[in-house]
Amino acid sequence: MRRRGAVFLLAALLAACDPVTPKPSGPSAQSALDLMFQNKYAAAASQLQELIKAHPQDAMDHATYALVLNYETKQKPALDEALKAQKIAPHDGFVLTVLTRVEDWNDDIQSAARDGAAAIKAAPSSALARAFYGEALADVGRYDDANAQLSKGADLAKKGTAYERAEIERNWGNYYRDKKDYVQALNHLKLAAGAQPKWVERLLELARFSIGRQDLSAATQFLERAASLSPDDAGLREQLGDVALFAQDYKVAKSAYAAALKLQPRSALDLKVLGDIAVALDKDATTAAKDERAAIAAKPTDQEAGAYLVAVLRYLLKDEPAALQAAKQSVASGGASPAPATTYLDLDKAAADREALALATVNRYRRLAGLSPVTSSSVIHQSAVAHAFYTFFNGALASIRDLGIHKEESTAQGYIGGNVLTRAQHFGYPQRSMAEVITHRADPAAAVQDWIDSVYHRIPLLRADLLELGYGDAYLGPMTVQVMDMAYREQTTGRVILYPAPDQVNVPIAFNGNEIPDPAPNASYPIGYPVTATFDRNAKVTITGFHFRDPSGKDLPGISLQPGTETENSFAFLANSPLQPATTYAVDLTYTLNGVAGHATWHFTTAAGATPTPQTQQAADDLR
């Protein structure tokens, strides 16, 4: 039976929108939403897939499917569907509302703010449009505008659906979290859960918030309540498992993925994640290897399962011949069935190819900064790969959180060395000054961009005395980690490395934070894109003057970080607010370097329609 609320929701949003082709009675976008609110995600997705197959030009179906995918945390497919809907009906209020949310959750917050404005213009009486627009405005730092939209949305939601009321509360929570008022944020998330107490998403939101606040005990309680609500829906069980993994609650994660596997016995995703849980929770490498082989049998092209199998054989079972064989003869390069050996992927070569991409990306940024390219080291590469998988093997350990992710415990599984230098030496690297940066992104290029667009992680990549580096990564279902280890000459160059570089164009406008340690702990993110000046690490530096000016010559206020141990002897400045798109800024820096006065002036230009680059949680390069 359809809920009246879902019908009202879509009807309200479609006011003053493009027409859609009428369809006969039966399954519809409204009934699919109703299924989602009943925690039947797979049924909702299946219904929408059938509707889209039957009516490929129906914008409502595409947009509703995007919304469902959005809540399933399948953000890239959600954006694809939302853009399809926009192409069909570019002025449709519901389409624009969903597009706003999906762009926001894809970290394209400037586009979300733009399309949110279009959504409320097309559907001014929609509480949901106001809620999603308010979320985007808060995320870009326009707090007064966000407050106005959420207040208007709250008035509209009084006569609306439970979903609309919950989304208003949820986005008040987002608003207060962005402003770092965590007590208010939690209160509003709880009000959202009260408005829709039987929808598991509201409890998952509370669990994610608790994880972000390092309150893992509360996260576990919310996850356990969510588990009691979730029916026999494999996708929902996987979502629950994902959140549990990030909460380091491997028992809940195991239960969730095991339940999903029961519902879909040949799921490669469930099998390979259960393989990791067998190691992290049960310390059972043999079962892990069995699970990964089963995942490959279910999906012969699954490189993630193959790479994890190789890592288990190499680092835990210490069976290098078996690891080499698995690397060369386990994962097919294409097709849906096991392939002849000649078409297998070489997984070790694939890891080296990803390192080559990371290296090329680093050197692209170094060229922008006027620096010479560096080379990669196969020895450091081995060390970085081993440490990446160490973080998976020991995901249940509290010690790998935050800056602890750079360290290894001698009693932990897959231990190589306590820090970046001892790990490299384990594989035969000479004793040198070294640094390490880590992030959690989708691919090597995105990882390097993440580091460059930060403060503490940019500096080691742009040192003039960087000699060579090694890169390694690991991917398994929802889990991802990228590690870059760097070695230095520790020699005096006398250079000052400026970034953004003189005359650089298409510079991002903002820094979204989430770097550890936080370079601006009291800031309301997003703030201005970081400007840095990096000196020789052992030089004696004093900053005597700094100006950051807009085109009118006005000095912009911001946060300055002085050269010191934490900043790798670099100076950094972040304006209090995001920079303006397509704008040229002037920088003026005076300093003394080893007792000699210096002065640098330069300009750079931000990108037109620039989007703040998303920074995910990173661990700072604290080891040398």
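None of the values given here were measured: they were computed from a predicted structure. These numbers come from the heavy atoms of this one structure, side chains and all, not from hydrogens, waters or symmetry mates.
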Could you go through Phe392 and Leu476, starting from their C-alpha distance and side-chain angles, then the distance that decides it, and tell me whether this counts as side chain to side chain contact (heavy atoms under 4.5 Å, CB included)? CA-CA 9 Å; Phe392 280 13; Leu476 201 69; 3.8 Å; yes

Measure the spacing between [atom1] of [X] and [atom2] of [Y] and express it to the nearest 0.5 Å.
X: Leu269; Y: Glu238; atom1: CG; atom2: CD; result: 4.5 Å
X: Phe132; Y: Glu167; atom1: CZ; atom2: CD; result: 4.5 Å
X: Gln482; Y: Arg354; atom1: CD; atom2: CZ; result: 9.5 Å
X: Leu229; Y: Arg202; atom1: CG; atom2: CZ; result: 13.0 Å
X: Leu33; Y: Gln38; atom1: CG; atom2: CD; result: 11.0 Å
X: Phe511; Y: Arg458; atom1: CZ; atom2: CZ; result: 9.0 Å

How close do [X] and [Y] get, counting heavy atoms only, and between which atoms?
X: Ala32; Y: Gln47; value: N-OE1, 3.2 Å
X: Pro578; Y: Val140; value: CG-O, 4.1 Å
X: Ala396; Y: Ala280; value: CB-O, 3.7 Å
X: Ile559; Y: Ala520; value: CD1-CB, 3.5 Å
X: Glu292; Y: Gly275; value: OE2-CA, 3.4 Å
X: Gly141; Y: Pro526; value: N-CD, 3.6 Å

Side chains of [X] and [Y]: closer than 4.5 Å at any heavy-atom pair?
X: Ile527; Y: Asn576; value: no
X: His406; Y: Ile438; value: yes
X: Leu156; Y: Arg130; value: yes
X: Val273; Y: Leu245; value: yes
X: Ile509; Y: Gln110; value: yes
X: Met484; Y: Val448; value: yes
X: Asp233; Y: Asn39; value: no
X: Leu99; Y: Ser111; value: no

Output all residues satisfying side chain to side chain contact (heavy atoms under 4.5 Å, CB included) with Val385, sequence neighbours left out; order by chain, then residue number.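 So Val385 forms a side chain to side chain contact (heavy atoms under 4.5 Å, CB included) with Tyr315, His381, Phe389.
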
Checking [X] side chain against [Y] main chain: does a donor-acceptor pair fall under 3.5 Å?
X: Glu515; Y: Tyr456; result: yes
X: Ser46; Y: Ala42; result: no
X: Asp402; Y: Gly404; result: no
X: Lys180; Y: Ser524; result: no
X: Asn394; Y: Leu397; result: no
X: Asn106; Y: Asp108; result: no
X: Thr480; Y: His440; result: no
X: Gln413; Y: Phe393; result: yes
X: Asn70; Y: Ala66; result: no
X: Glu436; Y: Asp485; result: no

Could you go through the side chain to side chain contact (heavy atoms under 4.5 Å, CB included) check for Arg208 and Thr73 one step at a time? CA-CA 12 Å; Arg208 294 183 189 108; Thr73 66; 3.8 Å; yes

Is there a donor in the side chain of [X] and an acceptor in the side chain of [Y], or the other way round, less than 3.5 Å apart?
X: Gln49; Y: Tyr65; result: yes
X: Gln248; Y: Arg401; result: yes
X: Trp199; Y: Glu205; result: no
X: Tyr257; Y: Asp242; result: yes
X: Asn147; Y: Ser151; result: yes

Tell me which pairs pass side-chain hydrogen bond (donor to acceptor under 3.5 Å, both in side chains) where either residue lies in residues 268-285, with sequence neighbours left out.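 Pairs touching residues 268-285 that pass the test: Lys254-Asp282, Gln264-Asp270, Ser267-Asp270, Lys272-Asp302, Lys272-Glu304, Asp276-Tyr308, Asp284-Thr287.
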
Counting neighbours of NZ on Lys262 that are heavy atoms of other residues, nucleotides or ligands and sit closer than 6.0 Å, is the number greater than 12?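 Not buried by this count: 12 neighbours or fewer within 6.0 Å.
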
Test side-chain hydrogen bond (donor to acceptor under 3.5 Å, both in side chains) applied to [X] - qualifying residues, sequence neighbours left out:
X: Arg114; result: none
X: Thr220; result: Asp249
X: Glu409; result: Ser399

Lys158/Glu164 ion pair, N-O < 4.0 Å: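 No, this pair does not count.
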
Does the structure place the NZ or CZ of Arg213 under 6.0 Å from the centre of the six-membered ring of Tyr182, at an angle of no more than 45° from the ring's axis?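 Verdict for Tyr182: a cation-pi partner in Arg213.
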
Does the side chain to side chain contact (heavy atoms under 4.5 Å, CB included) test come out yes or no for Tyr41 and Val200, once each step is laid out? CA-CA 11 Å; Tyr41 286 76; Val200 72; 4.1 Å; yes

Hey, what's the ring geometry for Tyr390 with His387, parallel, tilted or perpendicular (30° and 60° as the breaks)?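 Ring orientation of Tyr390 relative to His387: parallel.
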
Give me each pair satisfying salt bridge (Lys or Arg N to Asp or Glu O under 4.0 Å) with a member in residues 139-148, each pair once, sequence neighbours excluded.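 Residue pairs with at least one partner in residues 139-148: Arg142-Asp145.
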
When you look at Leu189 and Asn174, which way does the side chain to side chain contact (heavy atoms under 4.5 Å, CB included) test go after all the steps? CA-CA 8 Å; Leu189 289 177; Asn174 177 75; over 6 Å; no

